[in-house]
Amino acid sequence: MPESHLTPGSAAGDHPGRPGGGVAAVTVRAGLVWRRFTNGRLRLGWHPLGDLPFDYPPKVVLSADLALLVLGLVACLQRHEYFPTVLPLLAVVLLFLSVPAYVLFGIVPRPLVLGMATMVAAALFFAQPVESDFAPFVLMVVAAEIAAIAPKRVSIPLALLATVELVAFAVMSQALWGNDNLRTGVPMYALGILLGWLVGVMLQYQRLYLYQERENQNVRAAQAAAAERNRIAREVHDVIAHSLTVTLLHVTAARHALSTDSDVEEAVDALADAERLGRQAMADIRCTVGLLDSGRTTAGPEPGVDDISALIDDFANAGLTVRRRFTGDLDRISAAVGLALYRICQESLANIAKHASGAAVEFALEVGARSAVVRVRNPLSPGARIGHGTGVAGMRQRAEGLGGRILVGPEAGSWIVRAEFPLHDRPGQVDESAPDTREEHCALMKSIGVPQVRRPGLPG
């Protein structure tokens with residue numbers, strides 16, 4: 001007879017090396033079945049109440065459910081004299097059934113079902129009256145819960161139905177059992193149901209206001225992004241318009257020098273200036289487009305009022321005749337206003353070079369006690385077409401964005417660009433000692449048909 005070799009697990013019908021046998025295999029299989037049954041809902045660190053469609057923090061939902069559980073347990077213990085009846089225990093199960101039903105099976109508690117289950121549980125409690133009963137408090141809590149998650153057309157009838165149930169059992173308790181403990185507390189309990197409903201309504205309004213604030217934040221973020229895109233578009237437009245205009249002037253001068261005078265040295269100088277401006281334009285465009293990169297924390301230096309002289313020199317070297325005049329203390333001009341003045345001068349001179357390259361330009365920058373005013377004027381040739389393109393709109397946005405005002409249009413046979421920016425000696429303070437020029441400005445704006453924009457904080 002062959003000798004049999006038994007292993008520790010073979011007595012239970014297991015075979016060595018075969019998976020699925022023994023106590024460990026049964027435990028593993030049970031764990032798999034339980035995990036498949038619960039669908040992983042009970043994994044550590046996961047809060048199932050956070051997935052409820054009511055959009056409340058899990059702590060709020062859990063606090064309300066725990067309040068129901070505690071009140072139900074206290075009401076159940078108050079009825080210890082009625083044991084071994086199971087009515088109080090059944091009432092506690094009905095009160096807390098919604099939590100395990102959702103955690104284990106994903107059944108979302110509906111307001112109507114929740115209210116009816118709570119009122120049935122309260123009825124089971126009321127069927128066994130006691131002194132200082134805690135059972136009516138469950139109606140207050142559920143009235144608050146339903147008012148917080150359901151519309152008023154649902155929460156109001158359920159709150160009224162809970163009050164009717166309370167009054168009905170108070171009358172029935174006195175009529176059938178001669179117990180008037182519930183009847184004496186009916187006014188207080190009914191007021192508690194009303195207060196619970198009001199708390200739920202306030203929570204719902206708070207949630208609606210939160211939704212509205214989120215929407216407003218999204219709108220403000222979209223507006224800020226659009227404003228930033230417009231600003232970058234204006235910067236790119238100004239850089240490209242100026243650079244291409246001056247570069248074309250230099251290239252044209254080089255072509256004339258080579259074709260008419262065969263002056264190679266002059267043509268080389270013009271082409272060198274065009275190359276320098278082209279490289280400068282590429283650097284400016286890289287700096288401006290780099291603003292689109294959210295990872296960058298610093299940006300290159302922006303041009304300011306001190307760079308206006310060099311800007312005019314570029315146009316003068318390209319063949320534009322410019323008479324310039326600077327008055328006042330330029331150091332009083334802030335960086336933001338200086339950038340706006342630079343861009344407005346850049347756009348004005350580029351337009352003149354493009355549309356009236358042979359015209360003499362008068363440029364003036366005056367820094368007064370309360371404002372900085374820049375004027376760019378050139379003669380308007382007969383039959384010239386008057387239009388307002390993208391550049392003019394960009395200049396107007398720059399001026400209005402800093403609390404200034406700008407005038408662009410014909411005046412006495414000339415085309416004039418006049419921009420005025422308020423100067424602040426200290427942050428948040430404006431000097432108001434100078435006389436008002438609003439009437440003169442309005443008359444000039446009205447004469448050329450340019451709409452006026454009133455902005456709070458503007459002088460006049």
Side-chain angles (χ1 to χ4, degrees), residues 30 33-34 37-42 46-54 56 58-150 154-155 157-159 161-166 168-170 172-173 176-177 179 181-182 185 189 192-193 196-197 200:
V33 172
W34 173 256
F37 176 72
T38 61
N39 197 21
R41 293 181 182 275
L42 298 180
W46 188 73
H47 302 283
L49 296 180
D51 292 341
L52 285 170
F54 307 130
Y56 284 106
K59 292 181 180 180
V60 175
V61 181
L62 189 59
S63 299
D65 291 332
L66 287 179
L68 278 178
L69 179 62
V70 171
L71 291 173
L73 291 176
V74 172
C76 181
L77 293 176
Q78 285 181 319
R79 288 158 174 80
H80 61 88
E81 296 179 354
Y82 293 96
F83 291 152
T85 60
V86 296
L87 293 182
L89 296 177
L90 182 59
V92 172
V93 171
L94 286 175
L95 286 176
F96 203 66
L97 184 61
S98 61
V99 175
Y102 174 74
V103 172
L104 297 179
F105 304 105
I107 301 176
V108 178
R110 301 298 178 184
L112 185 60
V113 176
L114 183 63
M116 296 305 298
T118 305
M119 282 188 284
V120 171
L124 295 178
F125 284 134
F126 292 152
Q128 298 173 340
V130 295
E131 295 183 0
S132 303
D133 197 359
F134 270 68
F137 290 104
V138 300
L139 297 176
M140 304 177 192
V141 176
V142 81
E145 284 189 349
I146 295 175
I149 64 177
V154 176
S155 62
L158 287 177
L161 190 59
T163 306
V164 170
E165 179 189 25
L166 182 65
F169 271 95
M172 188 183 304
S173 177
L176 297 181
W177 304 295
N179 190 314
N181 293 326
L182 187 59
Y189 294 143
I193 293 175
W197 179 82

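This structure is a prediction, so every number in the text was calculated from the model and none was measured.
In this structure, CG in L166 is found 12.0 Å from CE in M119, a value given to the nearest 0.5 Å. Note that CG of D65 is 11.5 Å distant from CG of L97, once rounded to the nearest 0.5 Å. Rounding to the nearest 0.5 angstrom, the gap separating the CG atom in L161 from the CG atom in L139 is 9.5 Å. Going from atom OG1 of T118 over to atom CZ of F96 covers 12.5 Å, rounded to the nearest 0.5 Å.
When all heavy atoms are compared, the tightest approach of V92 to C76 is CG2-CB, 3.8 Å. A147 approaches W197 most closely through the heavy-atom pair CB-O, 3.4 Å. Across every non-hydrogen atom of V142 and G115, the tightest pair is CG2-CA, 4.4 Å. Closest non-hydrogen pair, V154 versus P111, comes out as CG1-CB, 4.4 Å. Across Q128 and P88, no two heavy atoms sit closer than the pair OE1-CG, 3.2 Å.
Looking only at side-chain heavy atoms (C-beta outward), P129 and L182 stay at 4.5 Å or farther from each other. In this structure, the side chains of L95 and L69 stay at 4.5 Å or more apart for every pair of heavy atoms. T85 places none of its side-chain heavy atoms less than 4.5 Å from the side chain of R79.
Using cut-offs of 30° and 60° on the angle between ring planes, the pair F169 and F126 is tilted.
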Check the pair F125 / L71 against side-chain contact (heavy atoms from CB on, under 4.5 Å), numbers first and verdict last. CA-CA 11 Å; F125 284 134; L71 291 173; over 6 Å; no
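Results of the side-chain contact (heavy atoms from CB on, under 4.5 Å) test with L94 over L68, V138, L124 single out L124 as the only residue that passes.
Side chain of Q78 to main chain of F134: a donor-acceptor pair is present (N/O by atom type, distance under 3.5 Å, no hydrogens or angles). Y56 contributes a side-chain N or O that, together with a main-chain N or O of A148, makes up a donor-acceptor pair within less than 3.5 Å.
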